[in-house]
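One structure is given below, encoded as structure tokens.
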Amino acid sequence: MQIEKYKIDEHNQSMLKEHRRRFDFIAAGVSDAEAILKKLIDFQVAIPSWALGTGGTRFGRFSGGGEPRSLEEKIEDVGLLHALNRSSGAISLHIPWDIPGNPAAIKALAAQFGLRFDAMNSNTFQDQPGQQYTYKYGSLQNVKKEVRRQAIDHNIEVINYGKQLGSDSLTVWLSDGSCFPGQLNFRQAFQHTLEGLQEIYAALPGNWKMFVEYKAFEPNFYSMTVGDWGQSLLYASKLGPKAYTLVDLGHHLPNANIEQIVALLLMEGKLGGFHFNDSKYGDDDLTVGSIKPYQLFLIFNELVEGMDARGMDHARDLGWMIDASHNVKDPLEDLLQSVEAIMLTYAQALLIDRKKLVATQLANDAVAAQEILQNTFRTDTRALVAEARLRAGAALDPLALYRNERVREHLVKERGAGTVATGL
Ligand code: RM4
Ligand code: MN
Ligand code: MN
């Protein structure tokens, strides 16, 4: 299914008057609205291929119908999102869930929807049918050389798929670790993992980046071999200039100060990419901004400040990806909400008066600093983001248009009610 251009125009026309009123109001209070709009139009968030179907939990999966049955249909779904918001111009694939049978054709199909391929993700956290050695006791960390070899070869195969699709980065997330004290030797697990990553790193094309994603817990609950940003940074530093840390918002211990982590990684030039989601307890993979919007704002504050300090291009110099998936919502609606939350928060971070904030810091004025941050956080940026969408040819209210057009019903009709997408 595709959303025709004229449907978007009709939708926008019907909302235009009210939108203008709201946009003029916010624009009047912003000194550089045009520059901000340009940044918002440029900013693109990659959609993970595994979030297009309804995600499951340990206890079950309740598929919602009309889920994509193939990589082609996943691309079509991301194409729909991108047509609606013009901010989802990339897709992040997981191998082997999304092996491109004919990479050239897949690349061409994506291009038709204006999509490019963001980071490729390897998977050594599950055993695949017909696989020779099991990852039950880890992959790159494994005490058995043949298991490590298999995991390295898989990652190199993922790079090769990525090359054919025009991707330029590899995300390595390992579930390696241990469930019980004494199960493994920490130093040996680290060394094996490092050696494996070094071989994979050596296979990266010149312009590629490697993202080392950390996670504090799950599926291993005593130790994780890439358990926090310190360990990830250690690997990335030892690997070399093409290796970076990837921050997934759900991968920290409770109450971690993620904004501080982000600031320091940026300072070191070692923040490579981001997995957006939200959580109440752990790696809940909930809709971005649904639980802790103020934390997201504080993170974006550090992102913008840190990128500007290094003269980085907000849209291109970091990998922006969503990593969310759950049991309850229509996955496409969930992704529209996630992208919207990211855009609104990014817009807020762009509005922060940095000069004033620095002045409050120099004066040790914690009250004034809080006023600046919270006044900005309470600024309604919806009309600004909507204006950016309007100028980019997207819908003023993507979710409303999605519902009015009964997209899910069309997808169920086309694909069937019982389809289950590959993924979590
Ligand atoms: C992990 C991690 C990875 C993602 C997998 C599916 O928890 O967040 O980024 O690829 O889940
Ligand atoms: Mn992730
Ligand atoms: Mn995760």
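Whatever order the structure lists ligands and atoms in, that order sets their numbers, starting from 1. Basis for what follows: all heavy atoms, side chains included, without hydrogens, waters or symmetry-related copies.
- Exactly one residue among D176, N155, N123 makes a side-chain hydrogen bond (donor to acceptor under 3.5 Å, both in side chains) with S139. That residue is D176.
- Side-chain rings of F125 and H94 approach one another, their centers coming within less than 6.0 Å.
- Between K145 and E195 there is no salt bridge, since no side-chain N of the basic residue sits under 4.0 Å from a carboxylate O of the acidic one.
- With respect to the Mn ion (ligand 2), D323 has OD2 as its nearest N, O or S atom.
- Taking the side chain as every heavy atom from C-beta outward, L335 and D77 never approach each other to under 4.5 Å.
- Note on E213: its N/O/S atom closest to the Mn ion (ligand 2) is OE2.
- Within the listing of ligand 1, atoms 7 (O) sit less than 4.0 angstrom from a heavy atom of D283.
- Distance from atom 9 (O) of ligand 1 to its nearest protein heavy atom, with residue and atom name: E213 OE1, 2.7 Å.
- Residue W50 has at least one heavy-atom neighbour below 4.0 Å for each of these atoms of ligand 1: 6 (C), 10 (O).
- Neither the backbone nor the side chain of T171 comes within 4.0 Å of ligand 1, counting heavy atoms alone.
- Aromatic rings of Y214 and Y235 (six-membered ring for Trp) have centroids beyond the 6.0 Å cut-off, not under it.
- The shortest N or O to N or O distance between H251 and ligand 1 is under 3.5 Å.
- Salt bridge status for R148 with E199: absent, with no side-chain N to carboxylate O gap under 4.0 Å.
- Numbered from 1 in the order shown, with element, the atoms of ligand 1 that lie under 4.0 Å from a heavy atom of H275 read 9 (O).
- The Mn ion (ligand 2) is the vertex of the angle joining OD2 of D248 and ND1 of H275, which measures 100° to the nearest 10°.
- Side-chain contact between F62 and T54: absent, with no pair of heavy atoms (C-beta onward) separated by less than 4.5 Å.
- Heavy atoms of other residues, nucleotides or ligands lying less than 6.0 angstrom from CZ of R408 number more than 12.
- Proximity to D323 (heavy-atom distance under 4.0 Å) selects the following atoms of ligand 1: 2 (C), 3 (C), 4 (C), 8 (O), 9 (O).
- Close contacts of ligand 1 with D248, meaning ligand atoms under 4.0 Å from a residue heavy atom, involve 8 (O).
- Under a 4.0 Å criterion applied to the non-hydrogen atoms of K215, ligand 1 contributes the atoms 7 (O).
- No hydrogens or angles considered: nothing links the side chains of Y133 and N142 as a donor-acceptor pair under 3.5 Å.
- Angle subtended at the Mn ion (ligand 3) by H251 NE2 and D283 OD2: 100°, rounded to 10 degrees.
- The closest heavy-atom contact to atom 5 (C) of ligand 1, among the options H94, M321, E218, comes from H94.
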